[in-house]
Amino acid sequence: MIIPPSSPHIAGPNNVQTIMLWVLLALSPGTMLGIYQFGWPALFLFLITLASAVFFEGICLKIAGKPVFPYCMDFSALLTGWLLAMTLPPWAPWWIGVLGSFCAIVIGKQIFGGIGQNLFNPAMLARTILLVSFPLEMTTWIAPRPFGTPQSVDAETGWNITLNGIPNLDGVSSASVLGHVRTELGMGVQLPDILATMYNPLASALGTVSGSLGETSALLFLLGGTFLIVKKIITWHIPVAMLGTVAVLASVFHFIDPLHYGGPLFHLLNGGLMLGAFFIATDPVTSPVSSLGKFIFGAGCGLLLFIIRNWGGYPEGMAFAVLLMNAATPLIDHYIKPRIYGYPDSAIRRFFQKMKRG
Amino acid sequence: MSDLLLVIIGTALVNNVVLVKFLGLCPFMGVSNKLETAISMGFATTFVLTLAAISSWTLETFVLEPFDLTYLRIISFILVIAAVVQFTEMFIKKTSPSLYQLLGIFLPLITTNCAVLGVALLSVQEKSGFFDSAVYGFGSSVGFTLVMVLFAGLRERLALADVPRSFAGAPIGFIVASILSLAFMGFSGLPSH
């Protein structure tokens, strides 16, 4: 007698490798624009971070006695390194990238048992460790100087910057929009005056502003994220909940006190919100399973991000918000179970039905 | 009102007892294996901490300061907290069995929790009024309960993870606690009292 293997019998077209490839593909337009903006040093740092992430992954797999090549070829370490590189200051020295990759892959992922086991988003964990440990290096932003323009540096100078740091820092540094607004607000300047001098919504949308690679073009990341939703790699719940929460909160506070709180567009276009909402918070390992759970997770990320941006000590709170909600993910999953196969209703609808019944 | 809210934010998030002040690590690591116990422990601690903050404020204001006995602060606080908690346990046992079921064996355990004495001492040092001290104790314990519950959830998931043998158990627990502590640094700088 032939005993068939246990269900499910139909496998979907996606496995870990193809999912990672789609995400990388969706990330690339924004990444390429970012690298174009900041020139050779950004490219070098990007490559170093990616290479070291894969290197540490290989070492850990070797120590753990797991097959190195198949696991390395699932591109998950590459994606982690990529996301980490997107959140680093583009002209940061090489060791920031290597140390970040170490924190992400070893502490963030392999110590927990490798892919699918980690509790926190590895890239965001690494970014937070770096930000807390090396506040100077992690907040040195430079003004965009695209390839081909007179201000751009050639490959050799770029390599030197990545290797030895930036020689004449004052000549090139430029605060990110959020950082600048935070500093000026602290000195008692009113928001409309600050924005009038240095903020242009179009520049923030297109990405011709200073910041990390992932903080440049909100528009391209929005496009990439939409592509992932259309390809059904991610669902709409987390990004929509997150962007919606930030937009609603920003509108309310902007309406109450426009002199101190930026409007919804300001918050959506600046900082790492777009990258975070579509590519980082949606990590399937560290976000809840059910649709309602995802919705709560996204809304929580948005709320925390808004709180940290407006009242916290750091100008941008993307990484902290994601880490904090990662910590809450097991609880969300514990209390909000996904839809049981065979039951037609989604978790959100069941929740509202329960509310109605009392 | 907003003042009280700031005290609660400050004590629960910005200066979290466990993750920022590193008090009460023993129950944090010891009783966080299961979500249900962690929640009970959190409730019991909330109860005791608020009570301890109130009673130590009373002791400080009406006995220690007037008679110039502040050097007896630590020992008298320990005594008073232990006594108050013990009496409360006996009282609850007789009057409300359901509440006793919930807080159960945790009450006497918490008496020796360093977070309780720590918060009592800190709240007295703040030199605030009776109500502020009570809110200080309450806020601290809300923070304690919050991280306790978060950590228990994480540990329940950790139990299923394929953690390398050399990191399994306490080591990975401490690593997760440190990551939580790192995440809570995001709250630093929030307006607090």
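Labels below follow one simple rule: chain letters A, B, ... track the order of the sequence lines, proteins then strands, and each chain is numbered from 1.
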- Note on the structure: All heavy atoms of B:L154 vs all of A:P330, minimum pair found to be CD2-CG, 3.7 Å

- Distance, nearest 0.5 Å, that separates CZ of B:F187 from CG of A:L304: 5.0 Å

- Item | Interchain contact, A:A64 with chain B, by part (heavy-atom threshold 4.5 Å) | neither

- For chain B, which residues from residues 308-317 of chain A have at least one heavy atom closer than 4.5 Å to it? A:I308, A:W311, A:G312, A:G313, A:Y314

- Item | Within 6.0 angstrom of A:F134 CZ, more than 12 heavy atoms from elsewhere | yes

- Which heavy atom of A:Q117 sits nearest a heavy atom of B:A161, and at what distance? OE1-CA, 3.1 Å

- Message: Around atom CG of B:L121, are there more than 12 heavy atoms from other residues, nucleotides or ligands closer than 6.0 Å?
- Response: yes

- Max heavy-atom pair count under 4.5 Å with chain A, selected residue of B:V176, B:L182, B:L160, B:L180: B:L182

- Proximal component of A:F120, with respect to chain B [non-hydrogen, under 4.5 Å]: side chain

- Note on the structure: Whatever's closer than 4.5 Å to a heavy atom in chain B on A:N118 counts as neither

- For the student: nearest non-hydrogen atoms of A:K66 and B:D162, plus distance: NZ-OD2, 4.1 Å

- So does A:Y335 have more than 12 non-hydrogen atoms from other groups sitting under 6.0 Å from OH? yes

- Interface residues of residues 121-132 of chain A facing chain B - heavy atom cut-off under 4.5 Å: A:L125, A:T128, A:I129, A:V132

- Query: What part of B:F151 is in contact with chain A, defined as an atom under 4.5 angstrom from a non-hydrogen atom: side chain, backbone, both or neither?
  - Reply: neither

- Non-hydrogen atoms of chain B under 4.5 Å away: do they reach the side chain of A:I63, the backbone, both or neither? neither

- Query: How about A:H334 and B:E156: do any of their side-chain heavy atoms sit closer than 4.5 Å?
  - Reply: yes

- Task: Kindly indicate whether the side chain of B:L158, heavy atoms from C-beta on, has any atom under 4.5 Å from the side chain of A:F112.
- Result: yes

- Where does B:I175 contact chain A at under 4.5 Å (heavy atoms): side chain, backbone, both or neither? side chain

- Query: Do the side chains of B:R157 and A:D333 get nearer than 4.5 Å, heavy atoms only?
  - Reply: yes

- Task: Indicate the atoms forming the closest heavy-atom contact of A:I111 with B:P164, along with that distance.
- Result: O-CD, 3.0 Å

- Message: Heavy-atom cut-off 4.5 Å, strictly under: side chain, backbone, both or neither for B:V14 against chain A?
- Response: neither

- Could you look at B:L35 and say if it's the side chain, the backbone, both or neither that has a heavy atom under 4.5 Å from chain A? side chain

- Task: Sort B:L150 into side chain, backbone, both or neither according to what part of it lies under 4.5 angstrom from a heavy atom of chain A.
- Result: both

- Message: I want to check something: taking the side chain as every heavy atom from C-beta on, are B:R155 and A:L119 in contact at a cut-off of under 4.5 Å?
- Response: no

